[in-house]
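The next block holds one structure in the form of C-alpha cells; read it before the comments.
Each chain gets a letter, A, B and so on, in the order the sequences are listed, and its residues count up from 1. Every heavy atom of this structure was used, including side-chain atoms; hydrogens, water molecules and symmetry mates were not.
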Amino acid sequence: MMPMTGPPRRWRVVLCVVGFGGLLLAPSVLPPYPQFVLSMTLVNAIAAMGVNLSMGYAGQVSIGHAGFVAIGAYTTAILMAKMAMPFWLTLPLGGVLAAGFGVLIGLPALRLSHLYISMVTFGFGQVVGLIVLNWVALTNGPNGLAVPFVTLGRYVFSSESFYYVIVVVFIVLLWMARNFVYSRLGRGFLAIRESEMAAEAMGVHLARYKAIAFAVGAFYGGAAGCLYAGLSNFVNPDAFVFIVSVLYLTMNVVGGMGTLAGPLLGATIFTVLPEMLRPFAEYKDFLSGALLLAFLVFFPRGLVGLLTPAPGPARLDPRSATTVHSAADEA
Amino acid sequence: VLFVAQVLVSGLTLGSLYALTALGFAIIFRATAVVNFAQGEMMMIGAMLALALHADYGLGYAPAFVFALAGAWCMGVVIERVAYRPLLNAPIFTVILSTVAVGQMLRSGVRIVRGHELALFPPVVSPTPFTVGGVRLTFLNVAIVAIAVVVLLAFLGFFRWTRTGWAMRATAQNRDAAALVGVSVPRVFSMSWGISAVLAATAGILLAPLITITPDMGAIGIKGFIGAILGGYNSLVGSVVGGFALGVLENLAGVYISSAFKDVVTFCVLIVVLVFRPAGMFGTPESRRV
C-alpha cells in the first residue's frame with residue numbers, strides 16, 4: 001500500500017482544517033471529564049502512531065510498546081519530582097531515552113525473524129514493567145509517583161489547560177510522521193515491510209533502517225508517556241502492563257495499520273468506548289480482544305481499509321489485466 | 001552444598017512445569033511456525049477447569065483432571081480453527097497478534113465467568129515435608145517432577161515412534177512435501193494445537209496446588225516460552241532441557257541476586273540468548289532462502 005493513496009488533496013486539506021479546528025475549539029463545548037478523555041485519546045494516539053511507524057510501515061513487530069511509554073512517563077515523573085526539572089526538558093529527554101532503548105531493541109532485530117522480534121519486544125515490555133514495579137528506591141514501586149504540575153514561567157497548567165500542550169505536541173508529531181512516511185526513509189520502511197531481501201538488494205541499509213524504525217516508534221511511545229505523566233500528575237506500574245501494549249496494537253489493527261489515519265481512529269475508539277462501557281468493565285477487555293481477532297481475520301486492513309479501495313491488483317482496470325494476460329498467452 | 005541442593009530441588013520443580021509449557025510452545029512452533037502467545041492462558045484454563053470440576057461439581061481428583069485435560073484439548077483445537085487456520089496465508093505477525101487476542105479473550109472470559117476471587121486448590125498429596133540427606137522435600141515436589149517427566153517422555157516417545165508423530169515431524173520439516181506423501185496437514189495442525197493445549201493444562205494443574213489460581217496466572221506460562229528459547233525453539237528435546245535449566249537458573253538468581261529481580265534476570269537471559277544465539281542451546285540456526 002503506497003502512502004500516496006488516500007482521499008484527494010482538497011479533501012485532505014478540508015479534513016485537516018476541520019480536525020485541528022475542532023481540537024482547538026473542543027474545550028469550549030466539552031465538560032471537564034470528556035475533555036480529559038479527549039486528552040487521553042490524543043496521548044494514546046501518539047503511542048499508537050509509534051507502533052504504527054515501526055510495525056505498520058517498517059513491518060517490525062512491537063508487542064511491548066507500553067515499555068517505551070513507561071520509560072517516557074517515568075523519566076518525566078522522576079526528573080520532575082526528584083530533580084525539579086521543567087517538563088519542557090523532560091519531554092524531549094523522555095522521548096530520546098525511549099528512542100535509545102528502541103535502538104538497542106532494533107540492533108538484534110537485524111538478525112532475527114518476526115517471531116523472534118515479537119519475543120524480544122515482548123520480553124522488553126515485561127522487563128520494563130518488572131523494573132518499574134521492583135526498583136522501589138527509584139520508582140516508588142506499586143505505590144507510584146506523584147508528578148508536580150507542569151509550569152510555564154509563573155503559569156501553572158491544570159489538566160484542562162494542559163490539553164492545549166497535548167494538542168500542540170500531537171499536531172507536531174502527526175506532521176512529522178506524515179513527512180517521515182513520505183520521505184526516503186519512509187519509502188525504505190515500506191520496502192523492508194514488503195520484502196527484506198528485495199529492499200536490501202535495492203540498496204536499503206537494513207541494519208540502519210531497522211534501528212531507525214524502532215527508534216522512531218519508541219520516540220513516539222516515550223513522548224506519549226511524558227504527556228501522560230504531565231496530564232495525570234501520577235504514574236504507577238499498572239498503566240504500562242502487557243494489556244496496554246495489546247491495546248496499542250488493537251488500536252492499529254482496528255483503525256488500519258500502515259495508514260496515517262488508522263491509529264488516530266483506533267485510539268479514539270479504544271479510549272472513548274471503555275468510558276461509555278464503564279458499567280460493563282468486565283466485558284471491555286474481552287470485547288477488545290474479540291475485536292482484534294475479528295479484524296485480523298475479516299478486515300486485516302482495518303476501518304480505513306473499509307473506506308478506501310483495496311490497493312494492488314484488485315484496483316487494476318480489469319480490461320488492462322486481460323490484455324496483459326492475452327499478450328502473455330500469445331507470446 | 002546442601003543449600004545448593006535445596007535450591008536445585010525447587011528449581012527442578014518449577015523447571016518441570018516450564019519444560020511442559022516449553023514443549024507445548026515448541027510443538028506449535030514446529031508444526032505451524034507460530035509463537036502461541038495464548039499458551040500461558042491455556043495453562044490457566046487447565047487449572048481453572050480442574051478446580052471448577054473438583055470444587056464446584058464434586059468430581060474426584062482423577063476424573064476432574066481427565067475432563068480438564070479433555071476440555072483443554074478441545075479448546076486447543078477450536079483455537080486453531082478460529083485463530084490460526086483462517087490466517088494461513090496472512091503475514092506472520094498477523095498470526096502472532098491473533099494468538100495475543102485469543103489470550104486476552106481467555107483471560108477476561110474467565111474473569112467474567114468466575115469473577116476476581118482467588119482460589120486455592122485443595123492439595124492432592126500431603127504437603128508435609130520430609131528430608132532426604134538433609135534436603136527438604138514434599139511429596140508434592142516429587143509428584144510434580146515425576147508426573148512432568150513421565151508426560152514429557154510419553155510425548156517425546158510419541159513423536160519418535162508413532163505414525164502420527166512422524167506425520168507431525170514431517171509437516172514440521174516441509175509442509176508441502178508432507179502433504180504430497182499423504183499426510184493430512186490440517187489434521188496435524190489440529191493435533192499440534194490440541195497436544196500443546198494438553199501439555200499447558202497439565203502444567204497448570206500441577207502448578208495449581210503451589211500458587212493461588214487467578215485468571216492472570218497464565219503470566220507464568222511465559223517462563224515456558226523463555227525456556228523453549230533458551231533450549232532451542234525448533235528442537236523438542238532442547239526446549240524441554242531449556243525449561244528445566246530456566247527453573248534452576250531462576251531459583252539460583254533468586255538466591256544469589258535478588259528475589260524481587262529474579263524475573264528480570266530471566267527476561268534478560270531471554271534477550272541475551274536471542275541476541276547472541278537465537279537458535280538456543282540445541283536448536284539449529286534459521287537459514288534464509290530466496
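Comparing B:V34, B:L87, B:T99 by how many heavy-atom pairs each has under 4.5 Å with chain A, the most go to B:L87. Top candidate by heavy-atom pairs under 4.5 Å with chain B, chosen from A:L249, A:L291, A:L130, is A:L130. The choice from B:I112, B:V35, B:L106 that makes the most heavy-atom pairs within less than 4.5 Å of chain A is B:I112.
Taking 4.5 Å as the limit, every side-chain heavy atom of B:V273 sits out of range of all side-chain heavy atoms of A:M119. Counting only heavy atoms from C-beta outward, the side chains of B:Q104 and A:L292 never approach each other to under 4.5 Å. Between A:F298 and B:P86, every side-chain heavy-atom pair lies at or beyond the 4.5 Å cut-off. Looking at B:I222 and A:F122, their side chains come closer than 4.5 Å, going by heavy atoms from C-beta outward.
Closest approach of B:F37 to A:S118, counting heavy atoms only: CE1-OG, 4.0 Å. Of all heavy-atom pairs between B:A101 and A:G289, the closest is CB-O, 3.5 Å.
Contacts of B:I96 with chain A are made by side-chain atoms alone, with heavy-atom separations under 4.5 Å and no backbone atom involved. Heavy atoms closer than 4.5 Å to chain A are found in both the backbone and the side chain of B:A83.
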Derivation of the side-chain contact (heavy atoms from CB on, under 4.5 Å) call for A:L293 and B:V82: CA-CA 9 Å; A:L293 184 61; B:V82 174; 4.0 Å; yes
